Amino acid sequence: MKILPRSFYSRDTIKVAKDLLGKTLIRKIGNKTISGIITETEAYRYKDDPASHAYGGMTERNKVMFGQVGIAYVYFTYGMHYCVNAVAKSDQYDAGAVLIRALKPKESVKTMIKNRNTNVISNLTNGPAKLTQAMTITKKQYGEDLSKKSNLYITEGLKVNKITANQRIGIKNGVNKRWNFKIEI
DNA sequence: GCAGAGATCAGCT
DNA sequence: GCTGATCTCTGCC
């Protein structure tokens, strides 16, 4: 399966969010491969998006959002959860990222079951903090290059026919933007 | 099946 | 000091 090139991420954040649906997120741990199909994403932009971490400027936490595209932005929140984003933006913006909200488990489902401490498949990776736990994604993957073979990267995947757009979840500002995208598999 | 509490870090309208 | 791009467990309010 072909790895998505850096140019894929060098487009408008919203386009990239839609195009990431159906792609495959791959996590390598030693010689083990954990993977899943991306089924839900959210776009977070910059100054026109009050819900974005980048709105308000660069901080220690979000600085990769201002850097090179195709990089993983992992952040820690609510005192106990990690979430993954892919840095993506067009040249018009200084910052932007796509939050990966849900996956459909593909390889090493057994490992995910162990990591998540549940055997309900549908509950394994159906939330942003759940999929990071299932794939053991932590601060160590902060800044990982998603456009080349590393411990964490994204490849081509399924063909997608229907994408639904919704309001983003769990935010207070910018709820009028429908930048949450989903597919049914 | 749903509401509420708790976990406890980083950043600050 | 409070609030959040969250999840899990509890108890039936």
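A, B, ... follow the sequence lines: proteins, then strands. Residue 1 opens every chain. Please read these numbers as outputs of a predicted model, since none were measured by experiment.
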Ignoring the backbone of A:Y78, work out which of C:dT8, C:dC7, C:dG4 is nearest its side chain.
-> C:dG4
Find the distance A:I100:CD1 to C:dA5:P and express it as a whole number of Å.
-> 18 Å
Given that A:G170 and A:Q133 both sit by DNA chain C, which one's nearest nucleotide is further toward the 5' end?
-> A:G170
Residues 101-110 of chain A, side-chain donor-acceptor partners within the protein, below 3.5 Å, at least two apart:
from, atom 1, to, atom 2, distance (Å)
A:R101, NE, A:E40, OE2, 3.3
A:E107, OE2, A:S35, OG, 2.9
A:S108, OG, A:T33, O, 2.5

Which nucleotide sits closest to the side chain of A:N85: C:dA5, B:dC12, C:dT3?
-> C:dA5
Whole-Å gap separating P (B:dG11) and CD (A:E60) = 7 Å
Rounded to the nearest 0.5 Å, the CZ atom of A:R116 sits from the OG1 atom of A:T111 at a distance of 14.0 Å
Nearest-angstrom distance from the residue atom OH of A:Y82 to C1' of B:dA7 = 14 Å
How is the base pairing of DNA chain C summarised as a dot-bracket string, given the Watson-Crick and G-U wobble criteria with both distances under 3.5 Å, [ ] for crossing and | for another strand?
-> ||||.|||||||.
Expressed in angstrom and rounded to an integer, what is the separation of A:H81 atom NE2 from C:dT3 atom P?
-> 19 Å
Could you check whether A:R101 gets within reach of a base, just the sugar-phosphate, or nothing at all, counting any heavy atom under 4.0 Å?
-> sugar-phosphate
Quick one: A:K130 NZ to C:dA5 C1', roughly how many Å, whole number?
-> 15 Å
Is any side-chain N or O of A:T59 closer than 4.0 Å to OP1 or OP2 of B:dG11?
-> yes
Would you call A:R11 and A:D19 a salt bridge, using N to O less than 4.0 angstrom?
-> yes
Candidates C:dT6, B:dA10, B:dC9 - which lies nearest the side chain of A:F76 | B:dC9
What residue among A:N176, A:N180, A:D49 forms side-chain hydrogen bond (donor to acceptor under 3.5 Å, both in side chains) with A:R168?
-> A:D49
Of A:M80 and A:G56, the one whose closest nucleotide on DNA chain B sits nearer the 5' end is A:M80
Measure from the ring center of A:Y93 to the ring center of A:Y46 and say whether it is less than 6.0 Å.
-> no
Using atom CG of A:N173 as one end and atom C1' of C:dG4 as the other, report the distance to the nearest whole Å.
-> 11 Å
Assign A:A51 to base, sugar-phosphate, or nothing according to its heavy-atom contacts below 4.0 angstrom with the strands shown.
-> base
Between C1' of C:dT3 and NE2 of A:H53, the distance in whole Å = 11 Å
Donor-acceptor contacts, no H, no angles, side chain residues 62-73 of chain A, under 3.5 Å, sequence neighbours left out:
from, atom 1, to, atom 2, distance (Å)
A:N62, OD1, A:T59, N, 2.7
A:N62, OD1, A:T59, OG1, 3.4
A:N62, ND2, A:H53, O, 2.9
A:N62, ND2, A:G57, O, 3.2
A:K63, NZ, A:E60, OE2, 2.9
A:Q68, OE1, A:R6, NE, 3.3
A:Y73, OH, A:H53, ND1, 2.9

Heavy atoms under 4.0 Å, any strand shown: does A:I171 hit a base, just sugar-phosphate, or nothing?
-> sugar-phosphate
State plainly whether the residues A:D94 and A:K47 are in salt-bridge range, i.e. N to O under 4.0 Å.
-> no
Measure from OH on A:Y75 to P on C:dA5 and round the result to the nearest Å.
-> 7 Å
